[in-house]
Amino acid sequence: MTTYAPAEVRTEEAGPQKLPLLALLALATAVFITSLTETLPAGLLPAMSADLGVSESAAGQTVTIYAIGTALTAIPLTAATAAWRRKRLLLLAMTGFALANTVTAVSTSYALTMGARFVAGVAAGLAWALLAGFARKMAPVRLQGKAIAIAMAGIPVALSLGVPAGTFLGKAVSWQVAFLVMTGLTVILLGWILAAVPEYPGQKQEGEGAPMLSALKVPGVLPVLFVTLVLVLAHTILYTFISIFLAELGMGDSTDLVLLVFGIASLVSIWVVGAQINRRLRTLTVVSVLLMAVAAAALALLSGNTVVIYAAVTLWGLGWGGVPTLLQTAAGDAGGEKAADAAQAMLVTLWNVAMAAGGLVGGLLLGVFGSGSFPWSVLILIVPVLAVVVGARAHGFPAKRAGTHG
């Protein structure tokens with residue numbers, strides 16, 4: 001996430017008056033590459049495990065090690081690079097993706113592949129911590145939510161279109177080619193960033209002390225971080241094992257279609273959130289959580305009906321799609337000028353901790369209670385999330401965002 005120079009006054013009069021779409025689309029492509037690099041192995045596990053000489057379970061850890069790399073390094077790297085110029089830092093992060101995906105593609109060693117995936121996770125931690133802030137920086141206050149929504153649109157596009165396309169390419173040619181295509185896209189993006197994305201200064205640290213600990217004392221930061229951790233955990237438990245959940249319902253052959261429905265609904269959610277977040281962040285967050293709760297309840301109680309499954313997945317996508325935008329915006333607003341970067345870095349860290357934990361918890365639930373426990377687990381986790389969102393009316397998820405009109 002970008003930082004803000006202390007002397008800068010971010011007002012609509014002094015800042016940009018319209019959205020720089022070319023630059024924001026470059027950020028959306030960076031988000032797309034970041035998300036797809038993380039999840040691409042999920043559709044390529046059989047071929048990867050065979051070529052690397054390991055089990056599919058071991059090959060699946062290429063996703064886990066990526067999340068661990070992000071979780072371990074997002075906070076320290078954000079603090080260490082706070083004074084760096086933002087565009088230079090983004091270029092460095094995306095170069096890391098190009099190198100890591102290239103090594104993954106040519107590696108015949110499981111250990112080397114895992115090392116490359118860890119490096120990709122580190123690059124992701126750096127990228128995630130500045131992308132939302134970059135989008136905020138490019139827009140006037142009244143359009144900041146829409147700017148973040150455009151940048152974050154890369155997430156559902158990666159999940160709904162990128163993963164199926166990468167899986168098809170891996171089956172049609174080879175999984176190595178899928179990763180090399182990712183490298184090619186990243187190289188193109190590097191030129192795009194150089195040409196279209198403006199440069200912004202970093203923020204020199206004033207005084208001493210731990211910026212992360214200071215950020216935790218800012219009203220509103222803790223509620224946003226709690227919601228991030230628990231809501232992402234709930235989502236990941238169900239999303240990671242959706243193919244198994246559907247297979248046990250006799251819908252295993254429809255997994256791609258179900259995920260496509262989810263992705264399309266997520267894109268609709270992104271659009272709605274981007275259009276309304278400036279004045280309705282709190283309402284949108286409450287509605288998103290409620291939609292996910294209703295979807296989980298439907299999957300828990302009425303999963304024998306195919307129509308209900310698709311309706312529930314649609315509600316799930318409508319609820320989840322805008323969540324990254326809502327939480328990134330809420331974290332930036334709560335942190336303010338001084339603590340926004342620290343809040344974003346902690347959000348990124350907790351997001352990836354929740355993703356790694358979701359795979360672990362989901363695996364345990366599957367072994368002990370079966371896949372039918374997934375939607376019930378989502379419901380249980382969403383209850384405290386809803387309570388915190390509703391309770392954080394003054395700070396965290398306020399009815400009116402600071403600096404907006406109307």
**OP:** Might you work through the side chain to side chain contact (heavy atoms under 4.5 Å, CB included) test for L290 and I382, ending with a clear yes or no?
**Re:** CA-CA 8 Å; L290 287 174; I382 280 182; over 6 Å; no
**OP:** Walk me through it: do L299 and L238 pass the test side chain to side chain contact (heavy atoms under 4.5 Å, CB included)?
**Re:** CA-CA 10 Å; L299 292 174; L238 184 55; 3.8 Å; yes
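With T183 as the fixed residue, the side chain to side chain contact (heavy atoms under 4.5 Å, CB included) test singles out one of I188, I33, T102: T102. The side chain to side chain contact (heavy atoms under 4.5 Å, CB included) test with V385 is passed by exactly one of L233, V390, V227, T228: V227.
Judged by distance alone, with hydrogens and angles left aside, the side-chain atoms of T186 form no donor-acceptor pair with the main-chain N or O of M94 at under 3.5 Å. A donor-acceptor pair is defined here as one N or O able to donate and one able to accept, closer than 3.5 Å; no such pair exists between the side chain of S269 and the backbone of A265. Formation of a donor-acceptor pair under 3.5 Å by the W192 side chain with backbone atoms of L22 is found in this model. Without hydrogens or angle criteria, R117 side chain to A67 main chain gives no donor-acceptor distance under 3.5 Å. Remark: side-chain polar atoms of T70 are paired, donor with acceptor, to backbone N or O of G121 under 3.5 angstrom. Of the possible polar contacts, none joining the S371 side chain to the F245 backbone as a donor-acceptor pair under 3.5 Å is found.
Side-chain atoms of T113 and T104 include no donor-acceptor pair closer than 3.5 Å. T37 and N101 share a donor-acceptor pair across their side chains, judged by distance under 3.5 Å alone.
Pairing each heavy atom of S377 with each of L365, the nearest pair is OG-CD1, 3.2 Å.
The aromatic rings of Y66 and F97 lie tilted to each other, with the angle between the two planes from 30° to 60°. Classification of the W316-Y239 ring pair by plane angle, with boundaries at 30° and 60°, yields perpendicular.
Note that CD of E199 is 8.0 Å distant from CG of L91, once rounded to the nearest 0.5 Å. Expressed to the nearest 0.5 Å, how far CG of L90 lies from NZ of K87 amounts to 9.5 Å. Remark: T285 OG1 to L281 CG distance equals 4.5 Å, nearest 0.5 Å. Taken from CG in L126 to CH2 in W84, the straight-line distance is 8.0 Å, to the nearest 0.5 Å. The distance from atom CZ of F179 to atom CG of L169, rounded to the nearest 0.5 Å, is 11.0 Å. Expressed to the nearest 0.5 Å, how far CG of L327 lies from CG of L231 amounts to 6.5 Å.
Within the 4.5 Å cutoff, no side-chain heavy atoms of L52 are placed close to those of T108. Looking only at side-chain heavy atoms (C-beta outward), L99 and V119 stay at 4.5 Å or farther from each other. Y310 has its side chain within reach of L257: a pair of non-hydrogen atoms, C-beta onward, lies under 4.5 Å apart. Side-chain contact between T314 and L318 is present, with heavy atoms from C-beta onward closer than 4.5 Å.
Residue pairs that meet the ring pair (Phe, Tyr, Trp, His ring centres under 6.0 Å) test with at least one member in residues 353-382, sequence neighbours left out, are F241-F374.
Annotation: W271, atom CH2; neighbour count of heavy atoms from other residues, nucleotides and ligands within 6.0 Å does not exceed 12.
By the side chain to side chain donor-acceptor pair (under 3.5 Å) test, T64 is found to be paired with Q61, residues two or more places apart in sequence or in another chain being considered.
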